[in-house]
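These numbers come from the heavy atoms of this one structure, side chains and all, not from hydrogens, waters or symmetry mates. Here the structure is a predicted model, which is why all the values come from computation and not from measurement.
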Amino acid sequence: MAVRRILQIEDPDDKRVLKNRAHAIKQFTPALQALAADMFETMHAANGVGLAAPQIGISQRIAVIWIPPAEEEQPDGTVVEIEPEQNYVLINPEVVKRSDKEEIAQEGCLSLPGRYGDVPRASWVTVDYLDLEGKRQRIRKADGLLGRALQHEIDHLDGVLFTERMRDLSTLKDLREDADQPVEA
């Protein structure tokens, strides 16, 4: 496994790669499994919850998503895990159904680190995809963080950046420590 370089929206050469639609995956090889492992390692090293292959310069329709465990503080102060973490490897994912209702929430991107803006997304989505063995899978009515991450990562595979989904670019906030640099989308 290896941590890969994440392409940045603000770099013109990187942005050209990020703006292209990725190619469907047809072969399920050990190299694909190694790529997925590298993507998880890269995503975790950058403190993300999702990563699409184009973000590491690979024009293939594969994305990984990690949903952290849900925890609850007990009256005695201890923290108990109430839902385990979820890990997804999505190959050739496709949104097959989506809610008519929209939700606007803060969203960020590993390709534009430290910047967050209000992005409208469907309240829930149903996604079909292939797993690492090439078996068809379906995630039904994913909402919350998973639903938002699915939409964000599939957008990356289609060459769409989260800033393009924003209706009001003035909501894009720079939370980096050296936030005196202008934001370009």
Side-chain angles (χ1 to χ4, degrees), residues 1-10 14-15 17-25 32-70 83-96 98-99 102-132 137-166 172 175 185:
M1 292 193 309
V3 173
R4 310 267 189 116
R5 183 179 85 80
I6 298 174
L7 276 58
Q8 301 298 303
I9 292 171
E10 295 174 313
D14 286 359
K15 188 172 183 177
V17 174
L18 290 166
K19 290 293 300 157
N20 286 320
R21 182 175 168 83
H23 304 287
I25 292 173
L32 187 62
Q33 293 180 358
L35 173 60
D38 284 358
M39 290 174 67
F40 271 115
E41 188 169 349
T42 302
M43 177 193 66
H44 286 302
N47 296 314
V49 297
L51 185 71
Q55 290 180 274
I56 57 170
I58 297 172
S59 185
Q60 293 186 353
R61 295 187 72 78
I62 178 173
V64 297
I65 294 175
W66 171 72
I67 303 299
E83 283 186 44
E85 69 179 71
Q86 302 168 52
N87 291 287
Y88 298 91
V89 176
L90 306 131
I91 298 166
N92 302 333
E94 178 185 355
V95 174
V96 294
R98 68 179 68 236
S99 166
E102 244 181 27
E103 292 178 358
I104 296 174
Q106 286 274 297
E107 206 167 295
C109 181
L110 296 178
S111 290
L112 193 65
R115 272 60 67 88
Y116 299 88
D118 292 343
V119 180
R121 298 277 186 194
S123 298
W124 58 262
V125 289
T126 294
V127 173
D128 284 352
Y129 67 98
L130 302 174
D131 63 19
L132 278 171
Q137 304 289 337
R138 174 171 278 188
I139 301 171
R140 287 181 168 73
K141 290 194 173 182
D143 59 3
L145 180 58
L146 178 58
R148 185 161 288 275
L150 285 164
Q151 293 173 78
H152 182 106
E153 300 312 327
I154 292 171
D155 270 357
H156 271 302
L157 299 177
D158 292 336
V160 177
L161 305 173
F162 85 105
T163 51
E164 296 172 83
R165 294 281 184 207
M166 295 175 66
L172 189 62
L175 302 179

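- Across Leu157 and Ala63, no two heavy atoms sit closer than the pair CD1-CB, 4.5 Å.
- In this structure, the side chains of Arg148 and Val119 come closer than 4.5 Å at one or more pairs of heavy atoms.
- Contact annotation: the side chain of His156 approaches that of Cys109 to within less than 4.5 Å [non-hydrogen atoms, C-beta and beyond].
- In this structure, the side chains of Val64 and Asn87 stay at 4.5 Å or more apart for every pair of heavy atoms.
- Atom CZ of Arg5 has more than 12 neighbouring heavy atoms from other residues, nucleotides or ligands inside a 6.0 Å radius.
- Between Ile58 and Met39 the shortest side-chain heavy-atom distance does not fall below 4.5 Å.
- Interatomic distance, Trp124 CH2 to Gln151 CD, rounded to the nearest 0.5 Å: 10.5 Å.
- When each of Ile65, Thr126, Asp128, Leu90 is tested with Ile139 by the rule side-chain contact (heavy atoms from CB on, under 4.5 Å), just one qualifies, namely Leu90.
- Atom CG of residue Asn20 and atom OG of residue Ser59 lie 6.5 Å apart, to the nearest 0.5 angstrom.
- In terms of modelled atom types and a separation under 3.5 Å, the side chain of Lys19 and the main chain of Gly159 share a donor-acceptor contact.
- When all heavy atoms of Asp118 and Met166 are compared, the pair lying nearest together is O-CG, 3.5 Å.
- The minimum heavy-atom distance linking Phe162 with His152 is given by the pair CB-CE1, 3.7 Å.
- Side-chain atoms of Arg4 never come within 3.5 Å of backbone atoms of Leu35 as a donor-acceptor pair (strictly under, hydrogens ignored).
- Of all heavy-atom pairs between Leu145 and Pro68, the closest is CD2-CD, 4.0 Å.
- Within the 4.5 Å cutoff, no side-chain heavy atoms of Leu161 are placed close to those of Ser111.
- Remark: His44 pairs with Trp66 by the ring pair (Phe, Tyr, Trp, His ring centres under 6.0 Å) rule, at least two apart or across chains.
- Taking CD of Gln55 as the start and CG of Leu110 as the end, the distance is 6.0 Å to the nearest 0.5 Å.
- When all heavy atoms of Val89 and Tyr129 are compared, the closest pair comes out as O-CE1, 3.4 Å.
- Shortest non-hydrogen contact noted between Gly57 and Leu7 is N-CD1, 3.5 Å.
- The stretch residues 43-54 participates, sequence neighbours left out, in no salt bridge (charged side-chain N to carboxylate O under 4.0 Å, His left out) pair at all.
- A salt bridge is defined here as a Lys NZ or Arg NE, NH1 or NH2 lying under 4.0 Å from an Asp or Glu carboxylate O, and Arg61 with Glu94 fails to meet this definition.
- Separating the CD1 atom in Ile62 from the CG atom in Leu51 is a distance of 10.0 Å, to the nearest 0.5 Å.
- Atom CG of Leu150 and atom CZ of Arg98 lie 11.0 Å apart (nearest 0.5 Å).
- Salt bridge Glu107/Arg165: absent, no basic N to carboxylate O contact under 4.0 Å.
- Atom CD1 in Ile25 sits 5.0 Å away from atom CG in Leu32 (nearest 0.5 Å).
- Counting heavy atoms from C-beta outward, Arg115 and Glu10 have side chains that approach closer than 4.5 Å.
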